Amino acid sequence: MSTKNTAPKYNYPHRHLLGIDGLSRDDVYAILDVAEDYVEKNRQLDKKHPLLKGRTLINLFFEDSTRTRTSFELAGKRLGADVINMSVSNSSVKKGETLIDTAMTLNAMHPDFIVVRHPESGAPELLARKVNCAVINGGDGSHEHPTQALLDALTIRRHKGKIEGLKVAICGDILHSRVARSNMKLLTLLGAKVHIVAPPTLMIACPEAYGVTPFHDMRKGISDCDVVMTLRLQTERMNGSFVPSNREYFHFWGLDREKMAHAKPDAIILDPGPIIRGLQIDSELADDIERSVILDQVEMGVAIRQAVMHLLNPHEKI
Ligand code: ASP
């Protein structure tokens with residue numbers, strides 16, 4: 001792993017991480033491989049590796065978050081950075097400040113990384129045009145959540161030994177999900193065959209643009225799959241009602257043992273969380289350690305965020 005005074009091991013050409021778009025397979029493998037090192041380091045008693053000593057990370061969150069915010073915070077701290085957490089409820093945005101003004105204000109304090117989560121698709125890109133530091137997309141509207149897809153890929157690779165050639169079903173509210181979009185792009189880039197499974201009201205208009213196959217029947221969609229990913233209903237992004245009732249939704253679209261029996265016998269289950277038990281997935285199945293790798297995803301999340309900051313670290317490029 002490269003340090004301040006040695007040549008970088010990876011030729012990682014990007015300044016920001018705004019989405020999966022624009023990443024090559026080599027870029028993705030560089031992130032996954034660096035993350036593997038951090039997985040091991042994070043399992044040691046001493047978890048600090050001060051690659052980012054003297055750097056400042058600002059977590060700028062305009063939407064709630066549990067996993068993403070805490071894992072970026074932990075990732076930054078384990079790399080020795082100073083970490084500031086800003087959420088909209090205690091910022092000037094509540095008083096009417098625009099995203100650009102907030103960005104310019106923060107930029108004047110010379111941060112080295114800004115992680116931004118925002119309800120509007122495209123907000124991180126706008127921010128990246130205005131600031132001098134690296135911008136990392138922590139989830140923008142229904143658009144992208146690149147670090148989630150990367151940690152999903154790392155979780156899958158560690159369990160299955162590869163991603164190329166696997167069959168992956170992504171099930172649930174595809175229409176509103178940034179996790180679905182980033183995963184469709186990333187998994188197809190890495191050579192997986194991706195099925196998307198949703199009711200007609202929650203399906204995207206052009207699955208062929210992503211190179212994925214749509215299904216409305218969940219049993220057919222997950223048939224013979226190696227990986228099944230469930231997604232929450234993104235009610236905060238819905239105007240009106242998209243499903244008849246929660247009970248009916250679970251009956252047709254919730255993952256339970258009977259539906260899971262259509263996947264490969266050794267298929268694993270992923271979910272980015274939050275898990276709404278009894279809606280997108282049966283509660284007992286979500287806790288089945290033979291099947292569910294949901295907590296592994298959380299562990300991989302810290303390592304992936306360390307890897308992303310490692311590769312975006314300006315000194316790594318000198
Ligand atoms: N945590 C993920 C996201 O921020 C998934 C979700 O909220 O449903 O998109």
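Side-chain atoms are counted along with the backbone in the values below, which use heavy atoms only and exclude waters and symmetry mates. Just so it is clear, the model here is predicted, and its values are computed rather than measured.
For the pair Val39 and Leu154, the minimum side-chain heavy-atom distance is below 4.5 Å. For the pair Glu236 and Gln234, the minimum side-chain heavy-atom distance is below 4.5 Å. Looking at Ile84 and Leu106, their side chains never come closer than 4.5 Å, going by heavy atoms from C-beta outward. Put simply, the side chain of Leu233 reaches to within 4.5 Å of the side chain of Leu202, judged on heavy atoms.
Residue-environment remark: CZ (Arg247) stays at or below the threshold of 12 foreign heavy atoms within 6.0 Å. Counted within 6.0 Å of CG on Asp64, heavy atoms from surrounding residues, nucleotides or ligands total 12 or fewer; the atom is thus considered open. Counting heavy-atom neighbours within 6.0 Å of Glu290 CD, excluding the residue itself, gives a total of 12 or less.
Looking at Lys259 and Asp217, no side-chain N of the basic residue comes within less than 4.0 Å of a carboxylate O on the acidic one, giving no salt bridge.
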task: List the steps, then state whether side chain to side chain contact (heavy atoms under 4.5 Å, CB included) holds for Ile204 with Tyr210.
output: CA-CA 10 Å; Ile204 48 169; Tyr210 290 92; 3.7 Å; yes

Working for side chain to side chain contact (heavy atoms under 4.5 Å, CB included), residues Glu299 and Arg43: CA-CA 10 Å; Glu299 181 185 1; Arg43 291 180 178 180; 2.8 Å; yes

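Ring geometry for Tyr38 versus His310: interplanar angle over 60°, hence perpendicular rather than tilted (30 to 60°). His14 and Tyr12 have perpendicular rings, their planes meeting at more than 60° on a 0 to 90° scale where under 30° would count as parallel.
The salt bridge (charged side-chain N to carboxylate O under 4.0 Å, His left out) with Arg277 is formed by just one residue from the set Asp271, Asp256, Asp287; it is Asp287. Here the rule is side chain to side chain contact (heavy atoms under 4.5 Å, CB included) with Leu23, and of Val28, Leu18, Leu186 only Val28 fits it. Of the candidates Ile268, Leu255, Val168, Leu255 is the only one forming a side chain to side chain contact (heavy atoms under 4.5 Å, CB included) with Val228.
With sequence neighbours left out, Phe242 forms a ring pair (Phe, Tyr, Trp, His ring centres under 6.0 Å) with His176.
Under the 6.0 Å distance and 45° angle rule, Arg117 does not count as a cation-pi partner of Phe61.
Listed by first then second residue, pairs satisfying side chain to side chain donor-acceptor pair (under 3.5 Å) with a partner in residues 182-198 read Asp21-Lys185, Glu144-Ser182, Glu144-Lys185, Asp152-Asn183, not counting sequence neighbours.
Here CE of Met229 is found 9.0 Å from OG of Ser177. Values are rounded to the nearest 0.5 Å.
Side-chain atoms of Asn137 and His143 include no donor-acceptor pair closer than 3.5 Å.
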